[in-house]
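As structure tokens, the structure follows; a few thoughts come after it.
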Amino acid sequence: MLTSIKTNSFEGSKSKELGMMYFRVAIVLFGAQLLMGLIAATQFLAPGFLFELFDFSVARMVHINALVVWMLYAMIGSVYYMLPDETGIETVGIGLGKLAFWVLTAAVTVVVLVYILVQVGPGTESTIWLINEGREYLEAPRWADIGIVVVVLVFYWNTFMTYMKGKQTGIMTVMIANLMALAGLYLAGMFFTDNISMDQFWWWWVIHLWVEATWEVFVGTLAAYALIKIIGAKREIVEMWLWIEVLMLFGSGILGLGHHYFWIGTPEYWWEIGALFSSLEPVPLIAMFVHVLYDWGKEQGIAKAEGKTGTVANNTPALSWIVTNAFGNFLGAGIWGFFHTLPQVNIYTHGTQFTAAHGHLSFYGAYATILIGMMYMGIQGAYGIKELKSTFKSKMGIFLTTFGVLGMGVALTIAGYEQVLVERAELGAGWNAFFVAQELPWYVQAQLWRAIMGVVTFSGFVYLVWDLLTIGAAAKKAEA
Ligand code: HEM
Ligand code: HEM
Ligand SMILES: [Fe+2]
């Protein structure tokens with residue numbers, strides 16, 4: 001990943017180079033995210049840890065904002081990476097694109113430094129402009145918000161113009177339309193009202209309609225592109241699946257938004273709307289899972305019939321991450337999401353550690369996985385390797401991170417279960433009930449296991465980075 005800065009095999013494709021630049025920052029931010037998670041997890045066990053030096057509120061905020069930002073980086077990187085392949089031409093406006101990359105990276109650095117340096121203070125108009133907007137996941141202050149919009153406009157313009165000039169594949173058509181929705185939704189989280197219900201109402205437009213509609217469609221296009229590249233899947237079949245998935249994802253995900261409007265002061269008809277449409281959301285996730293396995297099995301079968309031995313995949317680390325994605329998306333978003341999506345259940349689980357279990361399993365399963373898969377595709381391209389094979393480090397990387405996140409998910413589910421029983425059902429959800437539930441052994445032990453599994457996740461990350469830094473050069477040497 002590092003050597004490719006100077007000696008890549010992109011044959012002058014500046015777009016792919018820019019894609020790799022985005023990937024590199026993404027992986028650094030992913031590391032920062034995990035470190036913040038470890039601090040916050042330790043604070044659950046020892047509340048005095050780093051008190052007034054690095055408070056829980058800050059560690060948690062940086063943890064989840066770094067999460068969103070690294071994923072957006074990896075998404076932009078993926079688009080710049082695949083654009084020349086899909087459109088058949090070099091990306092338009094790449095000079096401006098590079099400038100935008102540096103502006104964004106400088107802005108992100110400043111924002112994070114301010115978060116860390118200014119931990120407490122008054123909540124005034126200038127706080128919103130300069131320090132923190134206070135909206136979970138999207139805390140960037142207003143000046144940075146405006147900067148982000150400008151940078152994204154440059155990115156979208158480049159992508160759109162390249163699409164218009166080049167070949168217009170089904171994958172790219174979905175990508176272009178979806179990116180417009182994805183970028184446009186950001187605006188819903190930018191204006192400010194003093195009414196907290198209204199604020200939440202719009203804030204969910206960004207968070208929910210990102211992760212349960214536009215981001216899902218986005219990973220659908222990535223999986224389609226990757227299946228064609230890695231296992232030689234037929235474009236007609238992949239694109240047919242993609243259109244069906246898009247229809248189902250938007251069909252259920254858009255009104256599925258209602259599952260966040262149960263208790264925030266919105267009209268009661270949202271109970272029925274949210275219950276019905278969000279219950280349908282797992283369906284496209286099953287379809288995406290079946291799609292990946294179906295195409296993989298089919299291409300593998302064809303190759304075998306032709307007398308070829310071994311795998312059809314020309315990039316096994318990337319394929320492993322993409323298969324993990326298909327399964328993780330269904331498990332974390334589909335199953336763990338469905339668990340608490342009916343109002344009759346959500347009234348008990350709302351705001352317990354059960355939500356956090358779902359948050360970890362879904363973000364990891366649906367997004368972290370496939371974006372890491374795209375990074376491996378980038379490495380294969382950068383070093384010009386015909387067949388990239390998993391190394392011991394690749395396997396440890398994917399196994400330990402996945403096992404760790406699954407372990408955290410299970411631990412948090414147990415903590416959430418205890419909260420539902422004791423804090424909500426038995427003690428009636430009052431102030432005191434909250435603290436009683438926090439101190440019982442089930443809860444404390446679960447938090448301990450989450451911290452242990454967090455360390456396992458982090459060790460997987462170390463292997464992953466080590467692999468990303470070395471696999472390309474080693475494979476190139478072996479091929480020569
Ligand atoms: C990849 C897709 C998904 C991601 C990344 C995701 C992530 C999250 C996160 C982080 C939260 C917590 C938000 C907060 O801080 O308040 C949340 C809440 C929720 N999610 Fe998902 N989710 C996904 C898909 C789904 C699906 C498919 C369903 C339903 C079938 C679902 C149902 C819910 C519900 C009901 C809540 C509200 C929990 C509560 O506060 O009571 N999610 N989701
Ligand atoms: C080293 C591993 C990790 C540790 C120790 C860790 C720890 C934590 C902690 C302590 C919180 C605050 C929970 C609360 O306020 O109750 C949190 C929130 C969160 N983390 Fe992690 N985390 C880790 C990795 C990850 C990964 C890999 C992802 C996703 C890719 C992730 C996504 C989230 C999300 C979405 C939330 C907000 C959940 C919610 O509000 O419901 N974390 N994490
Ligand atoms: Fe949602």
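One-based numbering, in listed order, for ligands and for the atoms of each. Below, each value reflects all heavy atoms present in this structure, side chains not excepted, and no hydrogens, waters or symmetry copies.
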Find all atoms of ligand 1 within a distance of less than 4.0 Å from any non-hydrogen atom belonging to E136, and give their numbers and elements. 14 (C), 15 (O), 16 (O)
Does ligand 2 have an atom that lies less than 4.0 angstrom from a heavy atom of M36? no
Heavy-atom check, side chain of L138 versus side chain of I207, under 4.5 Å: yes
Nearest non-hydrogen protein atom, atom 24 (C) of ligand 1: E212 CG, 3.3 Å
Hey, which atoms in ligand 1 end up nearer than 4.0 Å to a heavy atom of A366? 1 (C)
Which of the atoms in ligand 1, numbered in the order shown and given with their element, are less than 4.0 Å from a heavy-atom of S278? 29 (C), 30 (C)
Step by step, would you call T316 with S390 a side chain to side chain donor-acceptor pair (under 3.5 Å)? CA-CA 6 Å; T316 47; S390 295; 3.3 Å; yes
Before you tell me yes or no, could you show the steps for S394 and D467 under side chain to side chain donor-acceptor pair (under 3.5 Å), namely the whole-Å CA-CA distance, both residues' side-chain angles and the distance that decides it to 0.1 Å? CA-CA 6 Å; S394 331; D467 194 47; 2.7 Å; yes
Report the nearest protein non-hydrogen atom to atom 38 (C) of ligand 1: residue, atom name, distance rounded to 0.1 Å. H340 CE1, 3.5 Å
Near G337 (heavy-atom distance under 4.0 Å), the atoms of ligand 1 are 28 (C), 29 (C), 30 (C), 31 (C), 32 (C)
May I ask you to check whether over 12 heavy atoms, not counting those of W296, lie within 6.0 Å of atom CH2? no
Less than 6.0 angstrom from the centroid, inside 45 degrees of the normal: does R135 satisfy that with respect to the ring of W203? no
Can you name the atoms of ligand 1, numbered from 1 with element, that are less than 4.0 Å from a heavy atom of F338? 29 (C), 30 (C)
Taking distance alone, with no angle check, do R60 and ligand 2 share an N/O pair under 3.5 Å? yes
Under the criterion side chain to side chain donor-acceptor pair (under 3.5 Å), I'd like the reasoning laid out for H208 against H259: C-alpha separation, chi angles, the key distance, then a yes or no. CA-CA 9 Å; H208 172 98; H259 64 190; 3.1 Å; yes
Which residues satisfy the side-chain hydrogen bond (donor to acceptor under 3.5 Å, both in side chains) test with T266, sequence neighbours excluded? none
Decide if the gap between the ring center of W204 and the ring center of H260 is smaller than 6.0 angstrom. yes
To which protein heavy atom is atom 9 (C) of ligand 2 closest, and what is the distance rounded to 0.1 Å? R450 NH1, 3.6 Å
Closest approach to the Fe ion (ligand 3) by H208, given as the N, O or S atom name: ND1
Should the proximity of Q43 to ligand 2, defined as any heavy atom under 4.0 Å, be assigned to the side chain, the backbone, both, or neither? neither
Checking the N or O distance criterion of under 3.5 Å, is ligand 1 in contact with H358? yes
For atom 21 (Fe) of ligand 1, decide whether H208 has an N, O or S atom at a distance under 2.8 Å. no
List every atom of ligand 1 that sits less than 4.0 Å from any heavy atom of Y367, numbering the atoms from 1 in the order shown and giving each element. 1 (C), 5 (C)
Test: E136 and R60 ion pair at under 4.0 Å: yes
H350-ligand 1 polar pair, N/O distance under 3.5 Å: yes
Nearest to atom 37 (C) of ligand 2, what protein heavy atom do you find, and at what distance? Y137 OH, 3.4 Å
Taking 4.0 angstrom as the limit and counting only heavy atoms of V211, give me the atoms of ligand 1 inside it, by number and element. 1 (C), 2 (C), 3 (C), 4 (C), 5 (C), 6 (C)
When you look for heavy atoms under 4.0 Å from ligand 1, do you find them on the side chain of T341, its backbone, both, or neither? both
Atom 12 (C) of ligand 1 has as its nearest protein heavy atom T355 CG2, 3.6 Å
I need the minimum non-hydrogen distance between G365 and N325, along with the two atoms involved. O-ND2, 3.1 Å
Which atom, counting only N, O or S, brings E212 closest to the Fe ion (ligand 3)? OE2
With side chain to side chain donor-acceptor pair (under 3.5 Å) as the criterion, how do D295 and W241 come out once you've worked through the C-alpha distance, each side chain's angles and the decisive distance to 0.1 Å? CA-CA 10 Å; D295 267 336; W241 275 100; 4.8 Å; no
Could you tell me whether E216 and ligand 1 have an N or O pair separated by under 3.5 Å? no
Apex the Fe ion (ligand 3); atoms H260 NE2 and H259 NE2; angle rounded to 10 degrees: 90°
If you count every protein N, O or S atom closer than 2.8 Å to atom 21 (Fe) of ligand 2, you should arrive at 2
Just distances here: any N/O of N346 and N/O of ligand 1 closer than 3.5 Å? yes
Tell me which part of W215 gets within contact of ligand 1: side chain, backbone, both or neither, using heavy atoms under 4.0 Å. neither
Is there a polar contact between ligand 1 and H259, counting only N or O atoms under 3.5 Å apart? no
Quick test: of every protein heavy atom, which one is nearest to atom 19 (C) of ligand 1, and how far off is it to 0.1 Å? H260 CE1, 3.5 Å
For atom 27 (C) of ligand 1, the protein heavy atom that lies nearest, with its residue and separation: E281 OE1, 3.2 Å
Where the closest heavy atom to atom 26 (C) of ligand 1 is concerned, which of S252, G365, S362, A333 has it? A333
Taking a cutoff of less than 4.0 Å between a non-hydrogen atom of the residue and any ligand atom, is F44 in contact with ligand 2? yes
Which residue holds the protein heavy atom closest to atom 16 (O) of ligand 1, what is that atom called, and what is the gap in Å? W204 CH2, 3.6 Å
